[in-house]
Amino acid sequence: MKFLSHRKHFRDLTEQEVLALAISSEEDDARIYRSYAERLRADYPASAKMFEGMAAEEDTHRGRLIALHEDRFGPTIPLIRREHVAGYYTRRPVWLVENLGIERIREEAEGMERDAERFYLTAAARTSDAATRKLLGDLAVEEAGHQETASHLSDTFLDHDARSSEEANSHRQFILTWVQPGLAGLMDGSVSTLAPIFATAFATQDTWTTFLVGLAASVGAGISMGFTEAASDDGELSGRGSPVKRGLASGVMTTVGGLGHALPYLIPEFWTATTIAFLIVFCELWAIAWIQNRYMQTPFFRAAFQVVLGGSLVLAAGILIGSG
């Protein structure tokens, strides 16, 4: 294909180029692991040590590969990297992974080792040259050893107390960044839109008009809550995480909360739509109480009493205003 004409196929690489490719790949992986370590050092020091150890292992293997290259081909290593070879496994940019949480980073590291091992095994199976086959087979064994090393380093640096501490920090960050603003948005969307939607419903008994009012109220509230959450705190001092993530969680859940009892009014028959909307409101309020109990450690019946009572008052106000 024309757009791949500048990239070499693996089958066209010489043994020296294969070895040079392995050296550059080991170097890249070591840098990635050190980037993970730096990213995790403040909040997850044990995992940072694990990734530092993995980077040191990559450096050791790179040194052995360089020594092998010097023995066979001399000190000049060809400049060839993974992006120069068509079909070679890729690495995601660090910034695409580091914001996804510690478990996602660990999974990415495991995938890196598996990709490298699988590539070398496949490459070894496709060559008929004994020396090349041995070289690629040795590289596959090295990558398998990396996975064993990763497991060993995890056991060494991530004992039960360290893992429990990191999991607690990760859980807390998840709550601060996603659950708390999302819950606030769901409560606002579910409760604050009750009055305008049901006031319109009982005032007009026109399901389409009621739906349009509910849609406007839900989307408007979602945009407002999203921007307010994002602008209220940049997360640097409070530790609540990215303002973009918090704003997204708050805005989306606000909209969802309002649309839940607005969508039934797409049904033309007024009382059928209203009955379904009442049932959805009931489910929304109990869902909010469950989330408060599950993630915010609020006693369930206290959460249920507060949410259901507040929602019922707003709903009653809307119905009374619309009926009057």
Side-chain angles (χ1 to χ4, degrees), residues 1 4-40 47-94 97 105-157:
M1 291 181 288
L4 289 179
S5 59
H6 65 290
R7 304 174 72 186
K8 298 185 70 172
H9 290 278
F10 182 79
R11 63 177 177 270
D12 299 324
L13 298 181
T14 65
E15 294 179 23
Q16 183 181 15
E17 288 173 330
V18 169
L19 188 54
L21 181 60
I23 291 170
S24 66
S25 297
E26 296 283 0
E27 182 178 32
D28 289 346
D29 288 354
R31 294 174 67 182
I32 290 173
Y33 289 145
R34 286 196 171 90
S35 296
Y36 290 161
E38 189 63 28
R39 162 69 175 80
L40 298 171
S47 286
K49 289 182 180 179
M50 184 190 77
F51 282 113
E52 287 173 352
M54 293 176 68
E57 286 291 326
E58 299 293 321
D59 289 340
T60 299
H61 291 300
R62 180 174 63 91
R64 291 169 57 191
L65 289 167
I66 291 175
L68 177 60
H69 183 280
E70 290 179 345
D71 290 340
R72 295 191 59 187
F73 305 109
T76 303
I77 302 174
L79 178 58
I80 181 168
R81 309 182 69 85
R82 57 170 54 93
E83 59 267 24
H84 301 155
V85 180
Y88 196 72
Y89 63 85
T90 60
R91 295 290 188 239
R92 294 179 181 84
V94 172
V97 179
I105 291 176
R106 289 175 184 158
E107 290 174 3
E108 184 71 14
E110 293 175 4
M112 287 168 60
E113 302 298 344
R114 285 194 301 269
D115 287 344
E117 180 190 7
R118 183 167 56 249
F119 173 80
Y120 287 126
L121 286 172
T122 303
R126 291 180 179 177
T127 182
S128 59
D129 180 79
T132 303
R133 181 183 294 270
K134 181 179 184 305
L135 174 61
L136 297 176
D138 289 345
L139 293 174
V141 171
E142 294 289 340
E143 294 301 334
H146 288 186
Q147 295 182 49
E148 294 177 2
T149 299
S151 177
H152 172 70
L153 290 171
S154 179
D155 292 340
T156 300
F157 293 115

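- Between atom NZ of residue Lys8 and atom OG1 of residue Thr14 there is a gap of 6.5 Å, rounded to the nearest 0.5 Å.
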- Message: Test side-chain contact (heavy atoms from CB on, under 4.5 Å) on Arg39 and Phe51; report intermediate values, then the result.
- Response: CA-CA 10 Å; Arg39 162 69 175 80; Phe51 282 113; over 6 Å; no

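- Residue Ala55 comes nearest to Ala30 through the heavy atom pair CB-O, 3.6 Å, listed as atom of the first residue, atom of the second, then distance.
- Here the straight-line distance linking atom CG of Leu79 with atom CG of Leu21 works out to 11.0 Å at 0.5 Å rounding.
- When all heavy atoms of Asp28 and Arg82 are compared, the closest pair comes out as OD2-NH1, 3.0 Å.
- Distance CG/Asp29 to CE/Met54: 9.0 Å, rounded to 0.5 Å.
- A donor-acceptor contact shorter than 3.5 Å links the side chain of His69 to the backbone of Gly74.
- Here the CZ-CE distance, from Arg114 to Met112, works out to 11.5 Å after rounding to the nearest 0.5 Å.
- For the atom pair Ser24 OG and Arg62 CZ, the distance stands at 10.5 Å (nearest 0.5 Å).
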- Message: Could you walk me through whether Ile80 and Gln16 satisfy the side-chain contact (heavy atoms from CB on, under 4.5 Å) test, starting with their C-alpha distance in whole Å, then the side-chain angles of each, then the deciding distance to 0.1 Å, before giving a yes or no?
- Response: CA-CA 10 Å; Ile80 181 168; Gln16 183 181 15; over 6 Å; no

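- Nearest heavy-atom pair across Glu17 and Asp12 is OE1-O, 4.1 Å.
- Across Leu40 and Ala48, no two heavy atoms sit closer than the pair C-CB, 4.2 Å.
- Between the side chain of His61 and the backbone N or O of Glu58, no donor-acceptor pair lies under 3.5 Å.
- Rounded to the nearest 0.5 Å, atoms CD (Glu26) and CZ (Arg64) are 9.5 Å apart.
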